[in-house]
Amino acid sequence: MGTPASSARCPVQEQRARWERKRACTARELLETERRYQEQLGLVATYFLGILKAKGTLRPPERQALFGPWERIYDASQELLPYLEEGHWGQGLESFCSHLELYTQFAANAETSRTTLQRQLKKNKRFQRFLRLQEGRPEFGGLQLQDLLPLPLQRLQQYENLVVALAENTGPNSPDHQQLTRAAQLVSETAQRVHAIGQEQKNNQHLRRVQALLSGRQAKGLTSGRWFLRQGWLLVVPPRGEPRPRMFFLFSDVLLMAKPRSPLHLLQSGTFACQALYPLAQGQLCRVFGHSGGPCGGLLSQSEGLEEFYKSQNPGYLRLRVRAMNTKESSSVLN
C-alpha cells in the first residue's frame with residue numbers, strides 16, 4: 001500500500017498532462033476542420049472555377065479578379081492535409097507557411113472580387129444562369145458563391161487560433177516545438193497584415209460612400225489619407241434665428257459640416273452640400289456640461305480652427321450637443 005507522498009501526483013506531471021490533452025484536442029480540431037476546408041475549396045474549384053474555364057462564361061481577367069489565387073490556396077491545403085493526417089504537425093505547418101503570402105494576396109483582392117461579382121450579376125445574364133445552376137447543387141447546402149468567397153480569410157483566422165494553441169501546448173522538449181513556434185508566429189503576422197488590409201478596404205468604402213453624398217469644393221479629396229470615424233446630425237445655433245440641422249462627418253483629421261439638400265431636388269435629393277471643414281489639429285473641444293448619453297445630450301465648445309464658421313471673420317466657438325442618429329429625441333446641439 002503506497003504512502004500519501006508516493007500516491008500524490010506531481011504538479012509538474014499534472015500540468016504536462018493538461019498540456020497534452022489540450023494539444024491532442026487542438027490537433028484533432030485542426031485536422032477535422034482542414035478536411036472540411038479542403039472539401040469546400042475543392043467544390044468551388046470544381047463547380048465554379050473549372051466549369052467557368054471550360055465554358056468560357058467569364059474571360060480570364062474576370063475569373064482572376066473574382067477568385068484571386070483560389071486554386072493555389074487549394075493546392076496548399078492539399079499539401080498540408082497529409083502531414084496532419086500522419087501527425088507531422090510541426091513539419092507540415094512549417095512547410096505550409098511558405099504559402100501564407102497567398103492569403104495576403106487573397107485579402108488584397110477581396111474588394112475587387114466583390115465588385116466583380118456584383119458587376120457580373122448585374123450585366124452578365126449567362127453568368128447569372130450559371131450561378132443559379134451551380135448554387136442549386138446539393139453539395140453546397142444552400143450556400144451562395146458570395147458566402148463561399150470569404151472562406152480563405154475565415155480559415156486564416158482559424159489557423160491563427162489553432163496553430164498558436166498547438167504551439168502553446170507543446171512542451172519545449174518536443175521535437176516539433178520550434179517548428180510549431182515559428183509557424184504560430186508567421187501565421188499570426190499574416191493574420192495581422194490581412195486584418196489591416198480589411199480595415200483599409202472598409203475605410204475606403206466609407207470614404208467613397210461619404211464622397212458620393214457630398215458636393216462642393218471643400219468636399220473634394222476625401223478618399224486619400226484619412227480615416228472615417230462616424231457621422232451624425234447636429235443642430236447649429238446661429239447668432240440669430242432658429243437652430244438648423246446639419247450633418248457632421250468626423251474623420252481622423254477633420255470635422256466636416258454639410259447642409260442637407262431639399263428632398264424635392266430632382267437630381268440630388270438625399271445628398272449634402274459641404275459647408276465647412278474644421279481641422280482637428282487646429283481646434284480644441286471642451287465639454288461645458290452634460291454628456292451625449294443623457295436625455296438632452298451634452299453641451300460642447302469647440303474652437304473653429306482655420307475654417308470660419310458661417311464665413312465669420314471673428315474668432316468664435318462652435319457649441320455642439322450631439323444627437324443620436326438612431327433616435328427621434330435630440331441628444332446634441334451646435335452653437
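These numbers come from a predicted model, not from an experiment.
- The two residues Tyr47 and Glu139 have their closest heavy-atom pair at OH-OE2, 3.4 Å.
- Annotation for Gln154: atom CD counts as buried by contact number, over 12 foreign heavy atoms lying within 6.0 Å.
- Scanning all heavy atoms of the two residues, the minimum distance from Ala107 to Leu153 falls at CB-CD2, 3.9 Å.
- A donor-acceptor pair under 3.5 Å links the side-chain atoms of Asn203 to the main chain of Arg226, judged by distance alone.
- Applying the salt bridge (charged side-chain N to carboxylate O under 4.0 Å, His left out) test to residues at least two apart or on different chains, none of the pairs has a partner in residues 156-175.
- A single hydrophobic cluster is not seen to contain both Phe248 and Trp227; linkage of ILVMFWY side chains at heavy-atom distances under 4.5 Å, directly or through other members, places them apart.
- Residues Asn109 and Ala65 share a closest heavy-atom pair of ND2-O, 3.0 Å.
- With sequence neighbours left out, the side-chain hydrogen bond (donor to acceptor under 3.5 Å, both in side chains) criterion links Glu189 to Gln185.
- Using a 4.5 Å heavy-atom cutoff, the side chains of Asp176 and Gln91 are not in contact.
- Side-chain contact annotation: Arg23 with Thr26, donor-acceptor N/O pair under 3.5 Å absent.
- No continuous path of hydrophobic side-chain contacts links Ile197 to Leu151 [ILVMFWY only; heavy atoms under 4.5 Å].
- A pairwise comparison of heavy atoms in Ser113 and Leu149 identifies OG-CD1, 3.7 Å as the closest pair.
- When hydrophobic clusters are built by joining Ile, Leu, Val, Met, Phe, Trp and Tyr residues whose side-chain heavy atoms come closer than 4.5 Å, directly or via intermediates, Leu121 is grouped together with Leu52.
- In this structure, CG in Asn204 is found 5.5 Å from CD in Glu200, a value given to the nearest 0.5 Å.
- Applying the salt bridge (charged side-chain N to carboxylate O under 4.0 Å, His left out) test to pairs two or more places apart or on separate chains, those with a residue in residues 103-131 are Glu111-Arg208.
- Side chains of Thr104 and Leu100 form no contact here, defined as non-hydrogen atoms less than 4.5 Å apart.
- Residue pairs meeting the salt bridge (charged side-chain N to carboxylate O under 4.0 Å, His left out) criterion with at least one partner in residues 84-101, sequence neighbours excluded, are Arg35-Glu85, Glu94-Arg182.
- When all heavy atoms of Leu180 and Ala167 are compared, the pair lying nearest together is O-CB, 3.7 Å.
- When all heavy atoms of Gln179 and Gly90 are compared, the closest pair comes out as OE1-C, 3.4 Å.
- Crowding of His99 atom NE2: a count of heavy atoms from other residues, nucleotides or ligands under 6.0 Å exceeding 12.
- A heavy-atom distance below 4.5 Å is found between the side chains of Phe228 and Arg209.
- For Tyr159, the ring-ring contact (aromatic ring centres under 6.0 Å, His included) partners are Phe96, not counting sequence neighbours.
- If you take NZ on Lys259 and SG on Cys274, they are separated by 13.0 Å, rounding to the nearest 0.5 Å.
- With sequence neighbours left out, the side-chain contact (heavy atoms from CB on, under 4.5 Å) criterion links Gln120 to Leu58, Glu62, Thr116, Asn124, Phe127.
- Atoms OH and OG, on Tyr83 and Ser95 in that order, are 5.0 Å from each other to the nearest 0.5 Å.
- By the 4.5 Å heavy-atom criterion applied to side chains, Leu207 and Gln211 are not counted as neighbours.
- With sequence neighbours excluded, no residue forms a salt bridge (charged side-chain N to carboxylate O under 4.0 Å, His left out) with Glu20.
- Residues meeting the salt bridge (charged side-chain N to carboxylate O under 4.0 Å, His left out) test with Arg240, sequence neighbours left out: none.
- A continuous path of ILVMFWY side-chain contacts below 4.5 Å connects Leu156 to Leu31, so both sit in one hydrophobic cluster.
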Could you go through Leu214 and Leu256, starting from their C-alpha distance and side-chain angles, then the distance that decides it, and tell me whether this counts as side-chain contact (heavy atoms from CB on, under 4.5 Å)? CA-CA 10 Å; Leu214 296 173; Leu256 184 150; 3.9 Å; yes

Stepwise side-chain contact (heavy atoms from CB on, under 4.5 Å) check, Val194 with Phe106: CA-CA 9 Å; Val194 165; Phe106 191 87; over 6 Å; no

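- At least one donor-acceptor pair under 3.5 Å links the side chain of Asp147 to the backbone N or O of Gln144.
- Counting heavy atoms from C-beta on, the side chains of Leu30 and Trp89 come closer than 4.5 Å.
- Contact check for Cys97 versus Val187: side-chain heavy atoms found under the 4.5 Å cut-off.
- Between Lys22 atom NZ and Leu166 atom CG the span is 13.0 Å, to the nearest 0.5 Å.
- We find the CD1-OG1 distance between Ile51 and Thr46 to be 8.0 Å, quoted to the nearest 0.5 Å.
- Going from atom CD of Glu135 over to atom CG of Leu148 covers 8.0 Å, rounded to the nearest 0.5 Å.
- When the salt bridge (charged side-chain N to carboxylate O under 4.0 Å, His left out) test is applied to Glu79, no partner is found at least two apart in sequence or on another chain.
- In terms of hydrophobic clustering, with Ile, Leu, Val, Met, Phe, Trp and Tyr side chains grouped at heavy-atom distances under 4.5 Å, Val254 and Phe249 are assigned to a common cluster.
- Annotation: ring-ring contact (aromatic ring centres under 6.0 Å, His included) contacts of Phe48 (sequence neighbours excluded): Phe140.
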Pairs under 3.5 angstrom only: tabulate donor-acceptor contacts from the side chains of residues 66-76 to other protein residues two or more places apart or in another chain.
unit_1, atom_1, unit_2, atom_2, d
Trp70, NE1, Leu41, O, 3.2
Glu71, OE1, Lys53, NZ, 3.2
Glu71, OE2, Lys53, NZ, 3.0
Arg72, NH2, Gln105, OE1, 3.3
Tyr74, OH, Gln78, NE2, 3.3

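- Among residues two or more places apart in sequence or in another chain, the salt bridge (charged side-chain N to carboxylate O under 4.0 Å, His left out) test is passed with Arg155 by Glu34.
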